[in-house]
Structures are given as C-alpha cells and as structure tokens.
Number of protein chains: 2
Amino acid sequence: MKPADATPHPCSQCPMYRTSVWEPAGAGSVAILNRGFTRRDLQPGDVLFAEGSENRGVYCLSGGLIALRTHRDDGTSSLLRLAYRGDVIGFRSFLGDGVHRTEARALLPSRVCTVARHDAERVVHASPPVLARLAGRAVDELDAARERIVATMGRSNKARLATLLTELMERHGTQEDGYLRMHLPLSRADLADLVGVQRETVSRLIRRLEDDGSFHFACREVWMRHPGMRNRAIG
Amino acid sequence: MKPADATPHPCSQCPMYRTSVWEPAGAGSVAILNRGFTRRDLQPGDVLFAEGSENRGVYCLSGGLIALRTHRDDGTSSLLRLAYRGDVIGFRSFLGDGVHRTEARALLPSRVCTVARHDAERVVHASPPVLARLAGRAVDELDAARERIVATMGRSNKARLATLLTELMERHGTQEDGYLRMHLPLSRADLADLVGVQRETVSRLIRRLEDDGSFHFACREVWMRHPGMRNRAIG
DNA sequence: GTGGCATTGTGACGCTCGTCAAAGACAAGG
DNA sequence: CCTTGTCTTTGACGAGCGTCACAATGCCAC
C-alpha cells in the first residue's frame with residue numbers, strides 16, 4: 001500500500017486551499033474527498049441548486065459569481081447574497097434541515113467544486129475540524145446578514161447603493177486613467193434587491209449619484225472616481 | 001471509582017435537555033461540563049456580556065428574556081434578536097473570532113446556564129456532535145436574519161409590527177375573556193428597532209392598528225383579538 | 001409632596017419611496 | 001425587415017416615513 005501522502009488533497013492546488021473548509025481533512029478523509037470530489041462549470045443563468053430542493057453536497061466556488069436568491073409567494077425574489085471565489089455555498093442546508101432555502105444561479109461563468117453530501121458527511125464525521133470551519137462559515141454569513149440589517153436601519157438608500165457599487169468595483173473594476181471602470185454583473189432589479197428598494201428607485205438613486213459626481217453610468221458600464229480623488233467629477 | 005453514570009449530565013433536569021447543545025456530550029465530556037458549569041440569575045437591565053468584550057463561554061437561557069443589541073458609532077442601537085428559554089447565546093463569538101459583536105442585556109428576570117469558554121472548547125473537541133448542534137444553532141440564526149431581511153422588503157411596516165406583536169403575544173400573553181393580553185416586555189424604541197422604523201413611527205403604526213380594531217394599547221398593556229375572532233373590535 | 005429623568009404621544013413639514021403608466025433601448029428569433 | 005420580450009428610464013401622483021419640536025405621562029429619589 002502506498003504511503004498516505006501519495007493521495008494528494010483534492011484542494012491542494014486551489015489558491016484558496018489554506019482557508020478551505022476541507023483543508024483540515026485528515027489522511028483518511030482525503031481519500032473520501034478524492035472519491036466524492038467533482039468539478040462543474042456553470043454558464044450565466046445556470047442553476048446550481050433550486051429553492052426547495054434537497055441538499056446534494058457542499059459547493060466551493062473556485063471562480064466566477066453566483067447569486068443566492070429566495071422567492072416569495074407573490075412571485076418576487078430577493079437577492080440574499082453574492083458568492084465569489086473561495087466562498088462555500090450549500091452549507092446551510094447541509095448543516096441544517098437538508099433543504100435549500102435559496103436558489104443558486106450563476107451570474108458569470110463559474111466553476112464549483114462539489115463534495116457529494118454523503119461523502120461530506122463522512123468527512124465531517126471523521127475530521128471534526130472540517131465541521132468547525134463550516135460552522136465558521138455559517139457565522140460569517142450570520143455576520144453579513146446582521147450587518148445588512150443594521151445598515152438598512154442606519155444608512156440611507158443612496159449611501160448603501162454607493163457602498164454596494166464600491167464593493168462591486170473592488171471585485172470587478174479595472175483601472176482606467178484615474179477612474180475605476182466595471183461591467184456591472186447585476187441587473188437593476190438585483191441591485192434593488194441588495195439595497196432593499198424597488199427597481200425604479202434604483203434608477204433614481206443612480207441619477208442622484210451621478211449628480212453628485214461620484215459615479216457615471218452607461219447601462220451596465222460604470223465609472224467611479226478613485227477613492228481619494230474626491231475633487232473631480234465624472235463625465 | 002464510581003461508574004460513569006454517577007455523574008449526571010448537568011442539563012439532565014433541564015426541560016430543554018433533549019434539544020440542548022450539550023446533550024450529545026459523551027461520558028468524558030460530562031465531567032468537564034460539570035466542572036465548568038455555572039448558573040446565574042439576571043435582573044432586568046443586567047448585562048450578560050458587552051459588545052466588543054471577549055467571549056467567556058457559551059450561555060444557555062433557561063428562562064426569562066434577553067435582548068441582543070449592536071451599537072452604532074452615532075450612539076443609536078439596533079435590537080437584533082430576542083432570546084427565550086432554550087436559546088443559546090454567545091455561540092457566535094465562541095465559534096467565530098472570540099469577540100462579542102452584540103450586547104446581551106436582560107429584559108426580564110432571567111437565568112442563564114454558562115459553560116466557561118475553555119471547558120466548552122474541550123467539550124466540543126471531545127464530542128463533535130456538540131459542535132454540530134452549535135452549528136445548527138448558527139444556521140437557525142442565519143435563517144432568522146434572512147427571514148427578517150426578506151420580510152423588510154416584502155411586507156409593510158404595519159404588517160410587520162402586527163406580526164411582531166402577535167409573536168410576542170404568543171410568548172407573553174394570557175387569555176382574558178376572549179382577548180389575549182400581555183405586558184409588553186419591550187419599549188417603543190425596541191419595537192421600532194425590530195420593525196426597522198423610528199420610534200415616532202411606531203406610535204403612529206400602533207394608532208393605525210388600533211383604528212383597525214385588531215389591537216388595543218394602554219402604555220405597555222396590550223390587548224389583541226383572539227386569532228379567529230375577526231368580527232369584533234377591541235375597545 | 002417636588003424635582004429630575006426617561007418614555008411616550010402628537011403635530012407639522014418635507015422628502016423619499018412605492019405605484020402605476022408609458023416609452024425607449026436592446027437582443028433574440030422568425 | 002418586423003415582432004417579441006426583457007431591461008431600463010422617466011414622469012406623475014400620493015402615501016408613508018424621518019425629522020424636529022413640544023407636551024404629556026410615569027417613575028423614582030429625595
């Protein structure tokens with residue numbers, strides 16, 4: 001039989017390996033991981049899992065952008081979270097009741113690493129530190145949700161939209177002679193969900209941000225004044 | 001030496017024992033639990049832990065009512081959660097970075113069972129199912145926070161206040177010739193925090209609920225029409 | 001009782017946002 | 001080309017809410 005280090009950890013080549021939830025898996029768990037590990041590429045619009053469906057595994061996003069939404073009975077939906085590289089999704093239903101309460105849909109071409117549910121359960125059972133990391137992810141999500149609640153009560157819609165755009169710019173923006181520029185990965189309706197207002201209001205908030213000179217919009221193209229360059233307007 | 005069952009589980013007499021996070025503790029962990037287990041009674045206004053303080057343990061509420069708040073830099077605060085009997089608090093910082101992000105303050109006379117942090121860590125290490133239950137609690141909190149976000153976007157302030165009052169009535173109300181009556185454990189400011197509006201708006205929402213005939217208020221005394229008795233007004 | 005102090009209710013005002021409606025922009029498909 | 005559907009913007013209107021101000025109430029210590 002080969003020594004244990006002959007079966008490398010499936011995430012060992014991943015840039016997010018150090019903070020991966022699977023990183024603490026013991027030697028025995030690595031074999032399970034390798035068996036239950038699959039990769040999948042998603043195109044924009046592809047659904048990784050549907051709301052109400054049964055959990056089939058724990059997903060780790062190795063690249064791209066995935067939106068987690070809930071749908072209300074009146075047909076409207078709420079965008080609850082954006083997942084980027086290194087984020088783990090599906091752990092809520094994995095740790096909880098086994099049923100997804102959100103829909104995961106790709107907004108950009110994305111790649112997810114999946115550990116099938118049964119194998120994930122075995123790994124968690126054999127390597128409790130993996131469970132501890134999953135719990136840590138749950139706490140992070142809880143913090144984010146509470147931060148959103150607090151921000152809703154304490155800051156104006158315009159300020160929250162500006163913050164959201166700044167965060168998006170950090171992830172999707174590119175430098176362009178003094179400005180930051182990005183192609184918005186979100187529709188106006190999605191922006192509205194994240195800020196907590198109606199679509200039309202987002203249009204008006206965008207207009208007011210442009211009036212302030214901090215942003216310039218052309219459909220989904222956005223220019224933003226570099227942080228620190230507060231004296232020049234855009235456009 | 002006595003057999004293992006000579007040291008009973010410290011929660012074994014608790015009405016919430018079956019769902020307690022400590023219930024799955026193994027025989028060895030029970031000894032640790034008994035050593036690190038303390039009870040504490042809180043009076044209204046007493047602070048169990050302060051925002052920004054270091055986690056000193058995991059707290060299980062065996063009775064009463066505790067409010068978890070965050071404070072913003074402008075001096076205002078947000079009431080994030082109400083904890084009742086059986087709820088576990090302090091696990092966020094225990095599972096996370098070790099620093100409380102909320103303040104826990106008793107609203108009613110309360111009793112908390114505490115497992116000191118060091119001992120809790122040893123128990124979790126020795127009995128992974130305990131960690132799984134803590135993770136489950138984190139997921140529950142996450143669900144509650146997301147539910148609140150979704151409700152904020154999808155329902156009117158008046159409807160959310162009515163829902164909140166109904167939930168409070170279920171816990172604090174007593175039957176009174178066809179009505180439910182309770183003494184509100186929350187100030188108007190706290191109600192405002194939970195609904196997500198200003199204090200004055202709560203006063204006006206209350207007036208509108210009274211105009212509808214569904215509630216009657218006298219300071220902190222509240223009467224509510226019994227669910228199903230929709231034909232009679234109150235007052 | 002009296003004097004603070006916190007809590008609560010009320011009024012006025014202005015702004016923001018939700019809602020409804022309509023029109024333009026754009027891509028996909030026939 | 002036109003049609004269709006989706007996304008986005010704009011306008012008009014009204015209701016609701018935040019803000020400020022002030023009065024009323026209740027509570028507690030003295």
Side-chain angles (χ1 to χ4, degrees), chain A residues 43-45 67 69 72 74-79 105 107-108 150-162 164-165 182-212 215-222 235, chain B residues 43-45 67 69 72 74-79 105 107-108 150-162 164-165 182-212 215-222 235:
Chain A
Q43 294 307 310
R69 286 192 182 83
R72 279 191 292 272
D74 64 357
T76 63
S77 66
S78 298
L79 182 43
R105 185 185 294 263
L107 292 175
L108 296 174
V150 171
T152 302
M153 310 209 316
R155 306 181 58 210
S156 71
N157 292 334
K158 189 173 105 174
R160 292 210 313 284
L161 176 60
L164 171 61
L165 290 168
M182 70 171 163
H183 182 82
L184 255 186
L186 302 173
S187 69
R188 297 294 194 264
D190 288 338
L191 288 178
D193 274 349
L194 286 176
V195 176
V197 296
Q198 297 299 113
R199 306 170 196 79
E200 297 92 329
T201 300
V202 167
S203 284
R204 296 185 180 109
L205 291 176
I206 284 175
R207 167 186 279 275
R208 285 165 58 194
L209 286 175
E210 285 190 308
D211 291 345
D212 293 349
F215 292 91
H216 181 65
F217 287 77
C219 197
R220 289 203 178 189
E221 295 299 316
V222 188
Chain B
Q43 294 307 310
R69 287 192 180 83
R72 281 192 290 273
D74 63 358
T76 63
S77 66
S78 298
L79 182 43
R105 186 184 293 261
L107 292 176
L108 297 175
V150 172
T152 303
M153 308 207 320
R155 307 181 57 211
S156 72
N157 291 334
K158 189 173 104 172
R160 292 210 312 285
L161 176 59
L164 171 61
L165 289 169
M182 70 171 162
H183 183 82
L184 255 186
L186 301 174
S187 69
R188 298 292 194 265
D190 288 338
L191 288 177
D193 274 348
L194 286 176
V195 176
V197 297
Q198 296 301 113
R199 307 168 197 80
E200 298 93 329
T201 300
V202 168
S203 285
R204 295 180 182 114
L205 291 176
I206 284 176
R207 165 186 280 275
R208 285 165 59 194
L209 287 175
E210 286 191 309
D211 291 346
D212 293 349
F215 292 91
H216 180 66
F217 288 77
C219 198
R220 287 203 180 188
E221 294 299 315
V222 188

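Proteins get letters first, then strands, A, B, ... in listed order; numbering begins at 1 in each.
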Student: Report the residues that fulfil side chain to side chain contact (heavy atoms under 4.5 Å, CB included) with B:A67, sequence neighbours left out, ordered by chain and then residue number.
Tutor: B:R69, B:L79, B:L82, B:L107

Student: Both B:S203 and A:T201 contact DNA chain C. Which one's nearest nucleotide lies toward the 5' end?
Tutor: B:S203

Student: Is the shortest heavy-atom distance from the side chain of B:L165 to the side chain of B:M182 under 4.5 Å?
Tutor: yes

Student: I'd like to check the side-chain hydrogen bond (donor to acceptor under 3.5 Å, both in side chains) partners of A:R204; sequence neighbours left out, ordered by chain and number.
Tutor: none

Student: So, taking the atom named CG in B:N157 and the one named CD in B:Q198, what distance separates them when rounded to the nearest 0.5 Å?
Tutor: 11.0 Å

Student: So which of A:L205, A:T201, A:V197 actually passes side chain to side chain contact (heavy atoms under 4.5 Å, CB included) with A:L161?
Tutor: A:L205

Student: Begin from the C-alpha positions of B:F215 and B:I206 and carry the test side chain to side chain contact (heavy atoms under 4.5 Å, CB included) through to its verdict.
Tutor: CA-CA 8 Å; B:F215 292 91; B:I206 284 176; over 6 Å; no

Student: Which residues pass the side-chain hydrogen bond (donor to acceptor under 3.5 Å, both in side chains) test with B:S78, not counting sequence neighbours?
Tutor: B:R72

Student: If you apply the rule side chain to side chain contact (heavy atoms under 4.5 Å, CB included), what do you find for A:R155 with A:V150, and how did you get there?
Tutor: CA-CA 8 Å; A:R155 306 181 58 210; A:V150 171; over 6 Å; no

Student: Measuring from B:L191:CG to B:R160:CZ, what's the distance to the nearest 0.5 Å?
Tutor: 12.5 Å

Student: When you list every nucleotide of DNA chain C with an atom under 4.0 Å from a heavy atom of chain B, which one comes first 5' to 3', and which comes last?
Tutor: C:dT8 to C:dA12

Student: Quick check on contacts: within residues 191-200 of chain B, what sits under 4.0 Å from DNA chain D by heavy-atom distance?
Tutor: B:V197, B:Q198, B:E200

Student: Suppose we screen for salt bridge (charged side-chain N to carboxylate O under 4.0 Å, His left out). Which residues come up paired with B:E221, at least two apart in sequence or across chains?
Tutor: B:R181

Student: A:L186 vs A:L194, test: side chain to side chain contact (heavy atoms under 4.5 Å, CB included). Steps then yes/no.
Tutor: CA-CA 10 Å; A:L186 302 173; A:L194 286 176; 3.7 Å; yes

Student: Taking only residues two or more places apart in sequence or in another chain, which ones pass side-chain hydrogen bond (donor to acceptor under 3.5 Å, both in side chains) with A:D211?
Tutor: none

Student: Which is the 5'-most and which the 3'-most nucleotide of DNA chain D that has an atom under 4.0 Å from a heavy atom of chain A?
Tutor: D:dT8 to D:dA12

Student: Which residues within residues 150-160 of chain A lie with some heavy atom under 4.0 Å of an atom in DNA chain C?
Tutor: A:N157

Student: Taking salt bridge (charged side-chain N to carboxylate O under 4.0 Å, His left out) as the test, write out the residues that go with A:R188, two or more places apart.
Tutor: none

Student: Begin with the C-alpha distance, continue with both residues' side-chain angles, and end with the deciding distance and a verdict on side chain to side chain contact (heavy atoms under 4.5 Å, CB included) for A:R220 and A:S187.
Tutor: CA-CA 8 Å; A:R220 289 203 178 189; A:S187 69; 3.2 Å; yes

Student: Can you name the residues that form a side-chain hydrogen bond (donor to acceptor under 3.5 Å, both in side chains) with B:R208, not counting sequence neighbours?
Tutor: none

Student: Let me check the geometry of the helix from C:dG1-D:dC30 to C:dG30-D:dC1. What is the bend angle between the axes at its two ends, five pairs each, to 10°?
Tutor: 40°

